2 protein chains.
Amino acid sequence: MSTARGARARARTEITAAIKDEARRQLAAEGAAKLSLRAVARELGMVSSALYRYFPSRDDLLTALIIDAYDSLGEAAESAHAKAADAEPVRQWTAVCEAVRAWALAHPHEYALIYGSPVPGYSAPDSTVPAASRVGLLLIGIVRDALEGRGIARPPLPARLRPEAERMAADLAPDMPPEVVAALVAAWAQLYGLVGFEVFGQFHRVVEDRAVFFSHAVTQLAHSVGLLNHAGTSGAPQESRRPPRGRGRGTASGGTRAGS
Amino acid sequence: MSTARGARARARTEITAAIKDEARRQLAAEGAAKLSLRAVARELGMVSSALYRYFPSRDDLLTALIIDAYDSLGEAAESAHAKAADAEPVRQWTAVCEAVRAWALAHPHEYALIYGSPVPGYSAPDSTVPAASRVGLLLIGIVRDALEGRGIARPPLPARLRPEAERMAADLAPDMPPEVVAALVAAWAQLYGLVGFEVFGQFHRVVEDRAVFFSHAVTQLAHSVGLLNHAGTSGAPQESRRPPRGRGRGTASGGTRAGS
DNA sequence: CCAAAGCAAGAGCAGTGCTCTCTTTTTGGT
DNA sequence: ACCAAAAAGAGAGCACTGCTCTTGCTTTGG
């Protein structure tokens, strides 16, 4: 339905896509600040003013790229989750987190575009909201499923946080306990702290084996929202695992006898 | 010693300072991307080329501002810590975290400069390292003190993280247990995830009472590095507080009868 | 079939970072 | 005290940017 409605209309969508592709190329190569309308037009063999027929301003082009980036990230996260759909909640959680990290490392400039400092004067229009929510919704969904399967413990909820937690829960997931939603939002932000520090080079000469460090950190994050390690999601029989006794949330179980 | 060594030399430092001040003004007003050498020069009544006698390029000016920003943030954090030096470790921790948040909210563009996406092509020179480390060192110090005072529990340390944790500990704090250092680094990154999300507007329409939300989140962060709530730092008697019994970590203490 | 709408091209404006040359001022050694 | 050398300011200019406006050409639809 959206195709074959005149040569001109088809050309328009094609050119629009070509512009975005070339812009994405420049974005990936040099970063958002060096993305130049003129350079894009030049590369496409058109004159710069012609480009304004497709995007009314440079910021509009950027906005389009932002939405695409959110969608690309969301898709990466969702497909990673799909592959881990049968695993226990903690593994689903870490799978999604690791997909986010992998995507960010593969597309640092696009990551910077959406989770780094907002571009110059610009503030994200509402049109970006749905695309931006995908990862968050995914994480909420994982915890919700675990909740139904009882594979979750309630995080602490101090009294003064209760009103705000209830507000957030009402907005984001009315079916879930406020303390879980609050912990979820915090974990969400913290996840992007971990990813951002790695992508933006803050871990340079601090963390070397960043993959295992990240993996551990997001596992702890999963625990912080209440996800347990050996939770049986109602009817998920596969994968032999030792019973949830013993090494539960080993706090002082720490050092393999090699104490400092 | 550094003063009164010729009128010219004094004028140079004065003008350098004036340039940085004006640049900081523009940075705060419009953001790093709109910081213009020409505009700074114009405002100072000089011609743009004259400015290059003081800063060889725009990036060098930015680097100077970055170092100043790190120092300003570090100072804010350190003075907040000084005021809480006698409190228990968790309070010291949250005091520093809240100072970081307050500084970031008061100087969003400078925060973006140092913890947002790195500017265009530029990568932070080594000269920024000492200034950049101040907050991290502060957090390490708090945990170290708690460690000496026994006010800390050991975070978990899975086997595969051990080598990296030992590496980090050797680099950052050879006197501290690896699992604590690893948790510290993670908490450090997560702190900036929380701050960044608030400063960059990601919490818009998600979290309303951001102060109490943040306060709770960083308290949990303190717990994640092992800091305990009612730890008596050797001799710190002051501040009557109700005994740690009762409403400890209320897990199922849930809904105030107003269930969903 | 032909007006209307969509599109490309070019010139032009105001702004940017940065370089180069020229003149003036200050400095420091003899 | 003098005078070459170093430092600083001023101005012109280059190559680039985002964006606008006018001028033609082409496709579209009543």
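Everything quoted here is computed from the prediction, not taken from an experiment.
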Filter on side-chain hydrogen bond (donor to acceptor under 3.5 Å, both in side chains), then keep only pairs touching residues 180-199 of chain B, sequence neighbours left out; what's left?
B:Arg101-B:Glu198, B:Tyr115-B:Tyr192
So if I apply the side-chain contact (heavy atoms from CB on, under 4.5 Å) rule between A:Thr128 and each of A:Ile67, A:Ile114, A:Asp71, which one comes out positive?
A:Ile67
Could you pull out all residues at least two apart from B:Arg42 that satisfy salt bridge (Lys or Arg N to Asp or Glu O under 4.0 Å)?
none
A:Arg38 and A:Ser48: which non-hydrogen atoms are nearest, and at how many Å?
CG-CB, 3.8 Å
Once rounded to the nearest 0.5 Å, what's the spacing between atom CG of B:Leu35 and atom CG of B:Leu27?
6.5 Å
Nearest-Å distance for atom pair CE/C1', residues B:Met46 and D:dG11:
15 Å
Which pairs of donor and acceptor atoms, one on a side chain in residues 203-219 of chain A, lie under 3.5 Å apart (sequence neighbours left out)?
unit_1	atom_1	unit_2	atom_2	d
A:Arg210	NE	A:Val207	O	2.8
A:Arg210	NH2	A:Val207	O	3.2
A:Ser215	OG	A:Glu98	OE2	3.4
A:Ser215	OG	B:Arg160	NH2	2.3
A:Thr219	OG1	A:Ser215	O	2.7

How close or far is atom C1' of C:dT16 from atom CG of B:Leu51, stated in whole angstroms?
14 Å
Can you build the contact string for nucleotides 13-25 of chain D? Use B for base contact, S for sugar-phosphate-only contact, and - for no protein heavy atom under 4.0 Å.
B---BBBBB----
State, with a plain yes or no, whether a side-chain heavy atom of B:Arg134 is found less than 4.5 Å away from one of B:Leu73.
no
Just verifying a value: how many Å separate B:Leu139 CG and B:Arg144 CZ, rounded to the nearest 0.5 Å?
12.0 Å
Where along residues 14-24 of chain B does a heavy atom come under 4.0 Å from DNA chain C, residue by residue in number order?
none
Intermediate values then yes/no, salt bridge (Lys or Arg N to Asp or Glu O under 4.0 Å), B:Arg25 and B:Asp21
CA-CA 6 Å; B:Arg25 254 205 59 251; B:Asp21 283 354; over 6 Å; no
Pair assignment for DNA chain D - dot-bracket with | for other-strand partners, Watson-Crick or G-U under 3.5 Å
||||||||||||||||||||||||||||||
With a non-hydrogen cut-off below 4.0 angstrom, is A:Tyr54 in contact with a base, only sugar-phosphate, or nothing?
sugar-phosphate
Between B:Thr63 (side chain only) and B:Asp59 (backbone N and O only), is there a donor and an acceptor less than 3.5 Å apart?
yes
